[in-house]
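What you see is a predicted model; the values in this text were computed from it and never measured.
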Amino acid sequence: MKILVACEESQRVTIEFRKLGHEAFSCDLEFCSGGHPEWHIWADVLPLLNGKANFRTCDGQKHYIDKWDLIVGFPPCTYLSKAGSCVLYRGGKIDAERFEKGQGARDFFLAIWNADCDKIAIENPVPMKVFELPEPSQVIEPFYFGEPVTKKTYLWLKGLPFVCPTCVVEPTYTFETYPLFKNSFGKYRQKNRSKTFWGVAKAMALSWGDET
């Protein structure tokens with residue numbers, strides 16, 4: 001399959017699909033940290049979503065995609081996540097600037113969701129109801145996939161099956177207390193916390209990689 005993994009600089013999902021033999025590309029406004037620039041599109045993903053697109057990967061190679069077989073999206077959640085509701089509502093009123101940014105984030109989410117592709121998956125944390133996103137299809141936790149962490153995450157699925165749990169373990173950490181994130185500071189904190197758990201990435205590839 002030809003797969004676009006939108007908003008993924010870590011390349012974790014891309015790598016897992018590549019292991020299964022798929023032609024997967026990560027795309028992000030940041031350079032990739034996954035070690036495979038030959039699979040990374042360092043650009044805005046919007047012009048690529050509906051296919052019929054020329055692009056270059058970071059190794060300088062030219063590519064053309066008529067239509068994607070699968071799009072997996074990880075759109076930014078800063079202004080959509082329920083965790084940010086305390087910032088959106090200040091003194092009983094909605095912060096207008098924050099709300100406008102949230103609407104922009106919603107529009108970006110919907111651009112991925114409404115792309116010309118038969119199989120689409122979007123991952124995001126629990127969103128605020130005020131932005132009226134579509135109803136999610138599935139709720140997953142990292143501890144369903146061998147990661148001893150609780151972090152409730154939603155999946156929106158179109159033309160795809162649920163992600164099957166692969167290794168359910170006892171959660172011993174919350175997302176906030178997990179050492180990998182608790183000890184992450186500075187400008188890389190948000191990037192580190194947004195990376196897909198390897199167990200989840202592998203399960204996505206296993207669950208959707210056989211879909212033809």
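A continuous path of hydrophobic side-chain contacts links Val13 to Met1 [ILVMFWY only; heavy atoms under 4.5 Å]. Leu206 and Leu70 are assigned to two separate hydrophobic clusters, defined by single-linkage of ILVMFWY side chains at heavy-atom distances under 4.5 Å. Both Phe131 and Leu110 are part of a single hydrophobic cluster, where members link through side-chain heavy atoms under 4.5 Å apart. Under the 4.5 Å side-chain heavy-atom criterion for Ile, Leu, Val, Met, Phe, Trp and Tyr, Phe143 and Phe162 are members of the same hydrophobic cluster. Cluster annotation: Val200 and Val169 are assigned to the same hydrophobic cluster (Ile/Leu/Val/Met/Phe/Trp/Tyr, side-chain heavy-atom contacts under 4.5 Å, transitive).
Residues forming a side chain to side chain donor-acceptor pair (under 3.5 Å) with Gln11 (at least two apart in sequence, or on another chain): Ser26. The ring-ring contact (aromatic ring centres under 6.0 Å, His included) search around Phe55 returns Phe25, His63, not counting sequence neighbours.
For Lys2, the NZ atom sits in a loose shell: 12 or fewer heavy atoms of surrounding residues, nucleotides or ligands are nearer than 6.0 Å. With a 6.0 Å radius and a threshold of 12 heavy atoms from other residues, nucleotides or ligands, Lys67 has its NZ atom above the threshold. The local environment of CD in Glu100 is sparse, with at most 12 non-hydrogen atoms from other residues, nucleotides or ligands closer than 6.0 Å.
The closest donor-acceptor contact from the side chain of Trp156 to the backbone of Trp113 lies at 3.5 Å or more, if one exists at all. Panel note: side chain Gln138, backbone Val163; a donor-acceptor pair is recorded below 3.5 Å. Between the Arg18 side chain and the Ala24 main chain, a donor and an acceptor come within less than 3.5 Å of each other. A donor-acceptor contact shorter than 3.5 Å links the side chain of Glu141 to the backbone of Lys151.
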Practice problem: Would you sort out whether Trp208 and Leu157 count as a side chain to side chain contact (heavy atoms under 4.5 Å, CB included), showing the intermediate values? | Solution: CA-CA 11 Å; Trp208 304 330; Leu157 305 174; 3.5 Å; yes

Quiz item: Could you go step by step and tell me if Thr196 and Glu123 meet the side chain to side chain donor-acceptor pair (under 3.5 Å) rule?
Solution: CA-CA 10 Å; Thr196 304; Glu123 182 266 13; 5.6 Å; no

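The two residues Ser33 and Lys195 come nearest to each other via the heavy atoms OG-NZ, 3.1 Å. Closest heavy-atom contact between Cys164 and Phe145: O-CE2, 3.4 Å. In plain terms, the two heavy atoms of Trp68 and Leu49 that are nearest each other are CD1-O, 3.6 Å.
A salt bridge is defined here as a Lys NZ or Arg NE, NH1 or NH2 lying under 4.0 Å from an Asp or Glu carboxylate O, and Arg12 with Glu16 fails to meet this definition.
Ring geometry, Phe17 versus His22: the interplanar angle exceeds 60°, so the pair is classed perpendicular (tilted spans 30 to 60°).
In this structure, Trp198 belongs to a hydrophobic cluster whose other members, linked by side-chain heavy atoms under 4.5 Å apart, are Ile15, Trp39.
Between the side chains of Thr57 and Glu38, not a single donor N or O lies within less than 3.5 Å of an accepting N or O.
Annotation: the span from Thr78 atom OG1 to Arg98 atom CZ amounts to 7.0 Å, rounded to 0.5 Å.
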